[in-house]
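Side chains are part of it too, since the values below use all heavy atoms of this structure and drop only hydrogens, waters and symmetry mates.
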Amino acid sequence: MSLLSIENLKTHYYTDSGVVKALGGVDLILEKGESVGIAGESGCGKSTLALSLIRLIKNGEIIHGKIRLEGQSLLELPEKEFNRIRWNRISMISQAAMGGLNPVFTIGTQIVEGILQHRKMKKRAAMALARELLRKVEIDPDMVKNYPHQLSGGMKQRAMIAMALALEPDVVIADEPTTALDVVIQAQIIKMLRKLQKEMNLSVLFISHDLSILAQACDRIMIMYGGKCMESGDTATLFKNPQHPYTRALINAFPDLKSRRDKLTGLPGNTPDMTNPPTGCCFHPRCALVKDRCISEQPVRQEINGDHVVYCHFAKPLSEEN
């Protein structure tokens, strides 16, 4: 049994402009101790997927699908019961550390608050745990006394990671955890997360628009576009043998330091308006290989090799390779 499974998940937002079909049927499996990356441009549904998992969708709702944690259906739980799951078993590292920390309380107070909400523990013991958590994320435990504005951007992000790990969850959702950090600090954060993942046997969903970060941090990657999965597979296979035109476009948009390249290959156009998503394959308005079938017919799952799957009419399935 998989630790976390998502099946045909659909989430809509309700706006003055209409219904935003943010997720159009997403499937995902996360095993114990595994790190899965979710990649795609802004507006492709990555953060909505994360918020759907912890049932924090504002101005919208999950309209269809299943989310199971070790077989337990999470969408059917009353809110009071799901509160025991949120942060206890599934926690989240937000992409804006300063926005996730309250400026009028110390770092220690904010970590302790979450611990006391879910654990029967004396405040002194909870503060001792907070100090140990800061040690785990490689910052001075005495910073429990500091306010957020007294920490650098990297330290604030580490404090957010400490908060997410405080209750020893099974699943950690890392939503753009290295955004706005310089490349040196990014590398340190990723290295630290991988170390903690192994030490604590964590399962991690790592959301980012930056494929180079996911290549370092993740065992598998799922490419999202228009609220749907375009392609997924183990990290090495996805980079070596991308099948979907969108995956190839994302990879080509990044500089390759090992080969000469006169210029980067950009991806023309914009992500779709999800109040009125395209018919057929949602990527067809931007696809250089588009055919009539792409416009009229939604692609189905095709297995390329093992767990490498793609949603494209013209991908070569495993049965045709033999």
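Interatomic distance, Asp292 CG to His284 NE2, rounded to the nearest 0.5 Å: 10.0 Å. Ile93 contributes atom CD1, which lies 12.5 Å from atom CD of Glu176 (distance to the nearest 0.5 angstrom). Thr247 contributes atom OG1, which lies 11.5 Å from atom CE of Met222 (distance to the nearest 0.5 angstrom). Atom CD of Glu113 sits about 8.5 Å away from atom CG of Asn102, to the nearest 0.5 Å. If you take CG on Leu3 and CG on Leu30, they are separated by 6.0 Å, rounding to the nearest 0.5 Å. The line from SG of Cys281 to CZ of Phe314 is 10.0 Å long, rounded to the nearest 0.5 Å.
Results of the side chain to side chain donor-acceptor pair (under 3.5 Å) test with Glu231 over His244, Gln243, His308 single out His308 as the only residue that passes. Residue Met155 is tested with Met143, Gln150, Met160 for a side chain to side chain contact (heavy atoms under 4.5 Å, CB included); the sole match is Met143.
Legend: side-chain hydrogen bond (donor to acceptor under 3.5 Å, both in side chains) pairs involving residues 11-23, not counting sequence neighbours, sorted by first then second residue: Thr11-Ser52, Tyr13-Thr48, Tyr14-Glu61. Counting only residues at least two apart or on different chains, no salt bridge (charged side-chain N to carboxylate O under 4.0 Å, His left out) pair has a member in residues 196-208.
A distance-only check finds a donor-acceptor pair linking the side chain of Arg220 to the backbone of Ile29 [under 3.5 Å]. With Gln110 contributing its side chain and Phe105 its backbone, the two residues share a donor-acceptor pair below 3.5 Å. Side-chain N or O atoms of Arg68 include none that pairs as donor or acceptor with a backbone N or O of Ser5 at under 3.5 Å. For Asp175 (side chain) and Ser94 (main-chain N/O), no donor-acceptor pair under 3.5 Å exists by modelled atom type. Within the 3.5 Å criterion, the main-chain N or O of Leu181 finds no donor-acceptor partner in the side chain of Thr178. The main-chain N or O of Ile54 is found under 3.5 Å from a side-chain atom of Arg86 such that the two form a donor-acceptor pair. No donor-acceptor pair closer than 3.5 Å links the side chain of Thr279 to the backbone N or O of Ser296. Distance alone, capped at 3.5 Å, is enough to place a donor-acceptor pair between the Lys46 side chain and the Gly40 backbone. Checked by atom type and distance alone, the side chain of Ser203 pairs as donor or acceptor with a backbone atom of Gly33 at under 3.5 Å.
Grouping the Ile, Leu, Val, Met, Phe, Trp and Tyr side chains by contacts below 4.5 angstrom, directly or via other members, places Leu74 with Ile173. Put simply, Ile107 and Ile115 are part of the same group of oily side chains (I, L, V, M, F, W, Y) that touch within less than 4.5 Å, one to the next. By the criterion of side-chain heavy atoms lying less than 4.5 angstrom apart, applied directly or through intervening Ile, Leu, Val, Met, Phe, Trp or Tyr residues, Ile38 is not grouped with Val204; the two fall into different hydrophobic clusters. Cluster membership for Met230 and Leu28, using ILVMFWY side-chain heavy atoms within less than 4.5 angstrom, is not shared. Note on Leu202 and Ile85: separate hydrophobic clusters, where clusters join Ile, Leu, Val, Met, Phe, Trp and Tyr whose side-chain heavy atoms are under 4.5 Å apart, directly or indirectly.
Taking the charged nitrogens against the carboxylate oxygens, Glu41 and Arg286 do have a contact shorter than 4.0 Å, which makes a salt bridge. Remark: Asp140 does not engage Lys145 in a salt bridge, criterion side-chain N to carboxylate O under 4.0 Å.
Residues Tyr225 and Thr271 come closest through the heavy atom pair OH-CA, 3.7 Å. The two residues Ile190 and Ala217 make their nearest non-hydrogen contact at CG2-CB, 3.9 Å. What you find for Ala166 and Leu129 is that their closest heavy atoms are O-CD2, 4.1 Å. Gln216 and Arg194 make their closest contact through O-NE, 4.0 Å (heavy atoms, listed as atom of the first residue, atom of the second, distance). Looking at every heavy atom in both residues, Gly233 comes nearest to Leu238 through N-CD1, 4.2 Å. Considering all non-hydrogen atoms of both residues, Ala39 and Ile221 come closest at CB-CG2, 4.3 Å.
The environment of CD in Glu76 is sparse: at most 12 heavy-atom neighbours from other residues, nucleotides or ligands sit within 6.0 Å. Counting non-hydrogen atoms of neighbouring residues, nucleotides and ligands closer than 6.0 angstrom, the NZ atom of Lys32 exceeds 12 such neighbours. Annotation: Asn59, atom CG; neighbour count of heavy atoms from other residues, nucleotides and ligands within 6.0 Å does not exceed 12. More than 12 heavy atoms of other shown residues, nucleotides or ligands fall within 6.0 angstrom of atom CZ in Arg119. Within 6.0 Å of CD on Glu132 lie more than 12 heavy atoms contributed by other residues, nucleotides or ligands.
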With side chain to side chain contact (heavy atoms under 4.5 Å, CB included) as the test, would you mind laying out the steps for Met92 and Leu53 before giving the verdict?
CA-CA 10 Å; Met92 186 170 178; Leu53 285 175; over 6 Å; no
Does the side chain to side chain contact (heavy atoms under 4.5 Å, CB included) test come out yes or no for Glu138 and Lys191, once each step is laid out?
CA-CA 11 Å; Glu138 301 171 3; Lys191 183 179 179 180; over 6 Å; no
Step-by-step salt bridge (charged side-chain N to carboxylate O under 4.0 Å, His left out) determination, Asp234 to Lys240
CA-CA 10 Å; Asp234 73 82; Lys240 184 179 179 180; over 6 Å; no
Step by step, would you call Arg89 with Val171 a side chain to side chain contact (heavy atoms under 4.5 Å, CB included)?
CA-CA 6 Å; Arg89 301 200 63 191; Val171 178; over 6 Å; no
Could you go step by step and tell me if Asp27 and Cys229 meet the side chain to side chain contact (heavy atoms under 4.5 Å, CB included) rule?
CA-CA 8 Å; Asp27 298 318; Cys229 173; over 6 Å; no
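Taking 4.5 Å as the limit, some side-chain heavy atom of Gln72 sits within range of a side-chain heavy atom of Leu77. A heavy-atom distance below 4.5 Å is found between the side chains of Pro278 and Pro272. Counting heavy atoms from C-beta outward, Leu289 and Lys291 have side chains that stay 4.5 Å or more apart. Looking at heavy atoms from C-beta onward, Cys218 lies out of side-chain contact with Val36 at the 4.5 angstrom threshold. Considering only heavy atoms from C-beta on, Ile111 comes within 4.5 Å of Leu134 through its side chain. Residues Ile161 and Ile189 have side chains in contact (heavy-atom distance under 4.5 Å, counting atoms from C-beta outward). Within the 4.5 Å cutoff, no side-chain heavy atoms of Leu151 are placed close to those of Leu101. Considering only heavy atoms from C-beta on, Leu4 comes within 4.5 Å of Ile67 through its side chain.
Side-chain atoms of Arg55 and Asn83 form no donor-acceptor pair, as typed in the model, at a separation below 3.5 Å. Under 3.5 Å, the side chains of Glu31 and Ser2 contain a donor-acceptor pair of N or O atoms. Counting only N and O atoms by type, the side chains of Gln302 and His313 include no donor and acceptor under 3.5 Å apart. Defined by atom type and a distance below 3.5 Å, a donor-acceptor pair is missing between the side-chain atoms of Asp210 and Ser208.
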